[in-house]
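Worksheet for the structure shown next.
Hydrogens, waters and symmetry mates play no part in the numbers below; they use all other heavy atoms, side chains included. Model, not experiment: these values are computed from the prediction.
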Protein chains: 2
Amino acid sequence: MATLAQAKQEFIEAWGGHGSAWGINRTMAQIHALLLVSEVALSTEDVMEALEISRGNANMNLRALVEWNLISRTVVKGNRREYFIAEKDAWRIATQIARERRKREIEPMLKTLEGLSAMEIRGEEKKSAEAFRQTIKNLREVTLRADQVISVVAKAGGLAVTKKILKLFVK
Amino acid sequence: MATLAQAKQEFIEAWGGHGSAWGINRTMAQIHALLLVSEVALSTEDVMEALEISRGNANMNLRALVEWNLISRTVVKGNRREYFIAEKDAWRIATQIARERRKREIEPMLKTLEGLSAMEIRGEEKKSAEAFRQTIKNLREVTLRADQVISVVAKAGGLAVTKKILKLFVK
DNA sequence: TGGAATTTTCAGAAAATACTGAAAGATTTG
DNA sequence: CAAATCTTTCAGTATTTTCTGAAAATTCCA
């Protein structure tokens, strides 16, 4: 049987390991995990110590997490340092990650595909050019629908609503 | 105005660049793109030449793409070599990618969260332990729902069906 | 305003990841 | 079944990504 501290440590390591699944690096995911299971706000120093990382690394990844809106800066009174606190609501965490990845990955991809769609192609190979254009168009359409699915879910009222809607479709 | 070859080249580079968005490396994505826009099956040699990569690299990434079910081996008669051909249907490409990522990323994550949920925690901090357990449970539930959304969409009849269902929810 | 406390930046170092090329292993064919 | 053709493997190398630590910048307070 584990102590609470051990369980938290295990979670931090696991979350760090899975971080690449949603497009962030190990350290960033570990810091996120650390703050997720911390009951109090933590300073850069605290994070450095807990994860045994350098100040630069801590600073950089804390900033990135703030940009992702997964954590926020806060003030602890009687103290000059900056402290950080994580968004704890799992639904909001998930939709926030979805939102960021959409922005960073799907949108640029759609831009690329749209650019290629719009490209005029010269030369004799009419048929081939048409096939190429169609491939791109299809990829664009599918990407667009994936994007919409993500977007619809992220804008759903929350976990309970999603669960109900899913019931209509599952099994 | 670009030639068809130039447009294809541009697509290959772009697709390579976006590859990391869906969990594969640049070369693997480029090979996929090359085969996607190729009207004929290509051999390892062809791929090596087109992308200026080594035999080892070509071989490794072609195998990975076969494992992802994004391309398949084929035979060109009167020829001893192995040739490769890509799945061209955009909907199937997308669902295949979704399926693989689910397997490689979401499932292990659920396993981890379930393991942590099941963990018994000793010590005096009952309240804290309960809060921790709740955090994990919530993350698990949200991950599970995300998984189900992906799964439902991937099993939908195809792009047309998805489009219709989306209409119920968008705007 | 001076200076102590804190945060940010970034060049170089370390670590992780991807690639090469040649050798070994298969497979086909004459 | 031996030679030719093709595929796979993998140790070493190259590239990319991430991290460190110290200096510079900023903020806060007396």
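Chain A approaches DNA chain C within less than 4.0 angstrom (heavy atoms of the protein), and the contacting nucleotides run 5' to 3' from dA4(C) to dT9(C).
Side-chain contacts under 4.5 Å among hydrophobic residues (ILVMFWY), followed directly or transitively, place Leu159(B) together with Trp91(A), Val142(A), Val149(A), Val152(A), Val153(A), Leu159(A), Val161(A), Ile165(A), Leu166(A), Leu168(A), Phe169(A), Val170(A), Trp91(B), Val142(B), Val149(B), Val152(B), Val153(B), Val161(B), Ile165(B), Leu166(B), Leu168(B), Phe169(B), Val170(B).
Residues Ile85(A) and Ser72(A) are in side-chain contact: their nearest non-hydrogen atoms beyond the backbone lie under 4.5 Å apart.
Looking at residues two or more places apart in sequence or on another chain, you find a side chain to side chain contact (heavy atoms under 4.5 Å, CB included) between Lys103(B) and Glu100(B), Glu107(B). Applying the salt bridge (Lys or Arg N to Asp or Glu O under 4.0 Å) test to Arg99(A) and every residue at least two apart in sequence or in another chain returns nothing. Every residue meeting the side chain to side chain contact (heavy atoms under 4.5 Å, CB included) condition with Glu67(B), not counting sequence neighbours, appears here in chain and number order: Arg63(B). For Ile93(A), the side chain to side chain contact (heavy atoms under 4.5 Å, CB included) partners two or more places apart in sequence, or in a different chain, are His32(A), Leu36(A), Leu70(A), Glu87(A), Ile97(A), Leu139(B). For Ser43(B), the side chain to side chain donor-acceptor pair (under 3.5 Å) test picks out Asp46(B), with sequence neighbours left out. Residues forming a side chain to side chain donor-acceptor pair (under 3.5 Å) with Arg140(A) (at least two apart in sequence, or on another chain): Glu114(A).
When the P atom of dC6(D) is taken as reference, atom CD of Glu45(B) falls 8 Å away, rounded to whole Å. Atom-to-atom, CG of Asn61(B) to C1' of dT9(D) comes out at 14 Å; the value is rounded to the nearest Å.
Of the residues in residues 8-40 of chain B, Asn25(B), Thr27(B) come within less than 4.0 Å of DNA chain C through at least one heavy atom, sorted by number. Remark: Arg55(A), Gly56(A), Asn59(A) in residues 47-60 of chain A come within less than 4.0 Å of DNA chain C through at least one heavy atom.
As judged by a 4.0 angstrom heavy-atom cut-off over every strand, Arg80(A) is placed among the base-contacting residues.
Applying the salt bridge (Lys or Arg N to Asp or Glu O under 4.0 Å) definition to pairs two or more places apart or across chains, those involving residues 16-40 of chain A are Lys8(A)-Glu39(A).
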Cut-off 3.5 Å, no hydrogens considered: what does the side-chain donor-acceptor table look like for residues 118-125 of chain A, sequence neighbours left out?
from, atom 1, to, atom 2, distance (Å)
Arg122(A), NE, Met1(B), O, 3.2

